[in-house]
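Just so it is clear: chains get the letters A, B, ... in the order the sequence lines come, proteins before strands, and each one is counted from 1. Atom set for the values below is all heavy atoms of this structure, side chains included, hydrogens, waters and symmetry mates excluded.
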Amino acid sequence: MRARFLPPAARATAIAVAVLFLAAACAPRSDEIGFIGDLTGKQSELGVSGRNGALLRLEEENARARVGGLRFRLVAEDDANSPDGFHAAVQDLVARKIGAVIGPYTSAIASLTAAETRLLFLSPTASAESLSGKDDMLLRLTGSSSGGARALAAKAASTYAARSASILFDSTNGIYADDFMKAFETSFAQAGGRVLARESYESSAQNVAFTPILQRLLSAHPSLLLVIANGSDTALVIRRAKQLMPQLLTVAAGWAATTDFLKYGGSAMDGTLFEEQFDPASTSPAYVAFVDAYRKRFGSAPSFSSLYSYDAAGILVAALSAGAKSPQEIKKRLLAMPRVEGLQSEFRFTATGDVERDNPIFVVRGQGYEALR
Amino acid sequence: MMRPDSDSHAAAIPRSLRGPSLRSYIFVLVALAVMAPLAVDIVLGDLMATSFFQSEFVARGNAVVRGIAESSASFLRAAEIFVDAVDSDELILRDHSPESLRAHLQEELALNPNFESLACIDARGVQVASFPPDPNADGLNFADRDYATPPVGRPLLSDAAISLSSGHPVVKIASRLRPRGLVTVGDLDLSRLSDFAAASAGPGWTISIVDQGGTVVADPDIRRVQQRVNIANELASGPSQQISPVSLGRLGSDYVFSESLPEFGWHVLAAYDRTAYLGPLNRALLLFVGSALAAILLIGAVALAMARRMLADFDALGRGVQAIRDRRYGEVNLEPTFDELRVLIAEVRGMEAAVEEREAQLTDMVRQRDTLLREVHHRVKNNMQIVSSLLSLQKASLKDEEAAAALTESSSRIQALALTHEILYRGEQFSRLDLGDYLRELCSYLFSAYDAPAVSFSLGGARITLDPDRAIPLGLIVTEIVSNSLKHAFRGGRTGTVTIELTEEGEDIHIRVADDGPGFAPAAENRTLGLLLVDTLVDQLQGTLLRSTEAGTAYDIRLKRVGPDGWNRSARRDD
């Protein structure tokens, strides 16, 4: 009788081996999500706070994962805000067979993704109008900033009676600055305003001196100064501008709304107008919980970059958990999502991977943001 | 060669009597012999690692991290003292113009390469001078920044940040030695702190310093500092995410020791690669476990081989015992390996010889009994034949035909009884006889006695055996019926056939005795002694009798069958 071939002890051993196999099968599986952003240097706050937001979301998702479930790891690459850095980061992530990337964070670097099909890029912050409507591998969580630029111009002209403006922009993120500037100027002109002067600088250059640039821009006594730059540069520029011309209305692009802006700007930032697509003054429980968790984890306040990176990580976790592997599969799955539950609002991707959001205007008051209705 | 069929032995044992098999025990023992020493090895190895090596390692790690913490604190104190010194020098400067201050800062900075810049902030919070010159910050009011208003006489250490002028990770150390005096702020280059910490540690150690929020401020991989990597979650215990000191923790693949720098709110982490630490220990363990494993496998192989031989001996013994059961002797001829089995087999052989001898004795006794029985049956038969012969002689002297016929019938009846005994002593068995053979011989005698050459005889049907106690009444019944047929059915040389048919009908036995003569009137039948005898004997056998006189005469006798080999077994037990 063959059934007697295995004595009871052997059967018990076989069962034990099977249990061990089952236990091995229940061991956590892991998947990697890429990250590309500027993590070093003066402009790194956007990338660092974005990385921290994504990291927080993955840590939360991993903590919630059931036994044997998929765990996620963030593979962060520093693009140093340069094309070379971006291409090197892409090479590294492709070599690791990663399918989806959170980033890039600036529109200038995001524009480099047009020629890249080996990765799916989900940019939390790139918002230049020129990136919209393109069927490429770049999906974005931030709507076009041009709407915000137009709203800013209209608000400055109507509420603050600004009639003349000077503009300072960072040409290293030229695509963003150009789109923003064009939208602002068009709207400002429609409201009866006039741009008196424009100056650019390169944030990547050493020893850029803002004082002479500002002296030139303010020499015509504009009603307002528009700064299109990163948070820390915007803070220094506005500090200096307020010193040179205390009654000046200062206006900043949403790009600057990082923690650096308030940290380095201090009380000199009071009265500065902002366009922003998220509500930094939100008191919704989900957002408050996120801010608390972020502060607890990283010891500082989150920025809009943290918020959208947090959402981006959640979206990619959902797609990868559903079995999407290749960049094309991930893109298809993201575009097929009927509604995406963001931390502050629901949204959906357009057919070309863009999103549409409102552009509320905020004013800085007492180291905080206040919405303007 | 057939494989020993141990399963058939097991199957031969009633389930209620079965216990664990020897195979199971051997399997478990061999498994234990292999696994237990391995487990002991591993546990011992772990105990050795934890008890002997780890305590020494923990002591060493704690000493290392304490030493690094002390030297790091000294480094930071020296930096504070330097900023204090720069600030105190301003007291003796006569000229506090931006140019003069910048020149002074330049001279001081040249003395301490750990700082990448120095700046002076006046009592209003305005940065009046810096070196290297920072035109974007000079002249701005930083009163809202904590480093612009440090407490008097106590240097202030800010959180790690990225320098807006250089883009490098720095901490600001600010000093003010007198109220409303100038504040000196130095940007301490964190890459220098990383280099210092790394140089303070011995080979194999990786030193990191984290600020109170868990952000890395010094690390051999300067990118972790530049990118402001935060490892609070990896170091924290509990939901508060506050960093707790660890004497021996795990961070990735490292053993980590930590020590706080209370006056700065920072923590020093000293990590040692587990692989490097455990390498020698693992190699020793591997050698230990490997040699133990080899020895265990060797022992296991020998044990298995011995077990196989022992099991083969058991199987052969089982086959030998089966042969004894089947009365095949001399087949327990194995030569077992172990003495204990040899003793057992010697006992089995002794038992085999005793069984064989006892069987021979019993066979002899049975043979003697058979001879005696055969002799008894022979004598009974002879006596009956003598009686029958006497009746025949008596008949010859009689004139009366009716009396002569009566003697003939009696003689036939005695002859039927004698024939039973003759068949029994001629046969091999005394307890059973073949009914067909018996009736055939009986009828042969009757046909001869009644001189009926014109009548043929036929007997057919099933083969039925029965014991002599039933055969004798049945023989008398058949004798009466056949005698009647020969006397009355075939008078005057009439030809015909007497037929006997034996049939098994379920639980019944059916004996049909028939002739194809003219039959007889039912009224006449009861007057003959023979037919009366038939009825009496059928009743005695608890059977039924059915007569038919259409187309000759037929008697259908049905007897209840009790068992497969006979009928009315309960009556036989009464014998």
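Between A:K263 and B:D144 there is no salt bridge, since none of the side-chain N atoms of the basic residue sits less than 4.0 Å from a carboxylate O of the acidic one.
If you tally non-hydrogen atom pairs under 4.5 Å between each of A:D38, A:V48, A:N52, A:D260 and chain B, the highest count goes to A:V48. Contact count versus chain B (heavy atoms, under 4.5 Å) is highest, among A:D233, A:V237, A:L55, A:V208, for A:V208. Looking only at heavy-atom pairs under 4.5 Å with chain B, the residue among A:K42, A:Q367, A:R240 that has the most is A:R240.
Using a 4.5 Å cut-off on side-chain heavy atoms (C-beta onward), A:R51 and B:V229 make contact. Side-chain atoms of A:Y264 and B:R145, non-hydrogen and from C-beta on, do get closer than 4.5 Å to each other.
Around the CZ atom of B:R309, the shell of radius 6.0 Å holds no more than 12 heavy atoms that belong to other residues, nucleotides or ligands.
Distance alone, capped at 3.5 Å, places no donor-acceptor pair between the A:R239 side chain and the B:L140 backbone. Looking only at distances, a side-chain donor or acceptor of A:Q243 sits under 3.5 Å from a matching main-chain atom of B:G139. Without hydrogens or angle criteria, B:R223 side chain to A:T40 main chain gives no donor-acceptor distance under 3.5 Å.
The two residues B:N136 and A:L236 have their closest heavy-atom pair at O-CD2, 4.1 Å. Closest of all the heavy-atom pairs between B:P135 and A:T211 is O-OG1, 3.7 Å.
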* To do: Any chance you could lay out the side chain to side chain contact (heavy atoms under 4.5 Å, CB included) test for B:Q226 and A:L39, step after step, and finish with the verdict?
  => CA-CA 7 Å; B:Q226 291 169 334; A:L39 295 174; over 6 Å; no

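In this structure, the portion of B:A137 lying under 4.5 Å from any heavy atom of chain A is its backbone and not its side chain. Both the backbone and the side chain of A:E45 come within less than 4.5 Å of a heavy atom of chain B.
Interatomic distance, B:N141 CG to A:S267 OG, rounded to the nearest 0.5 Å: 7.5 Å.
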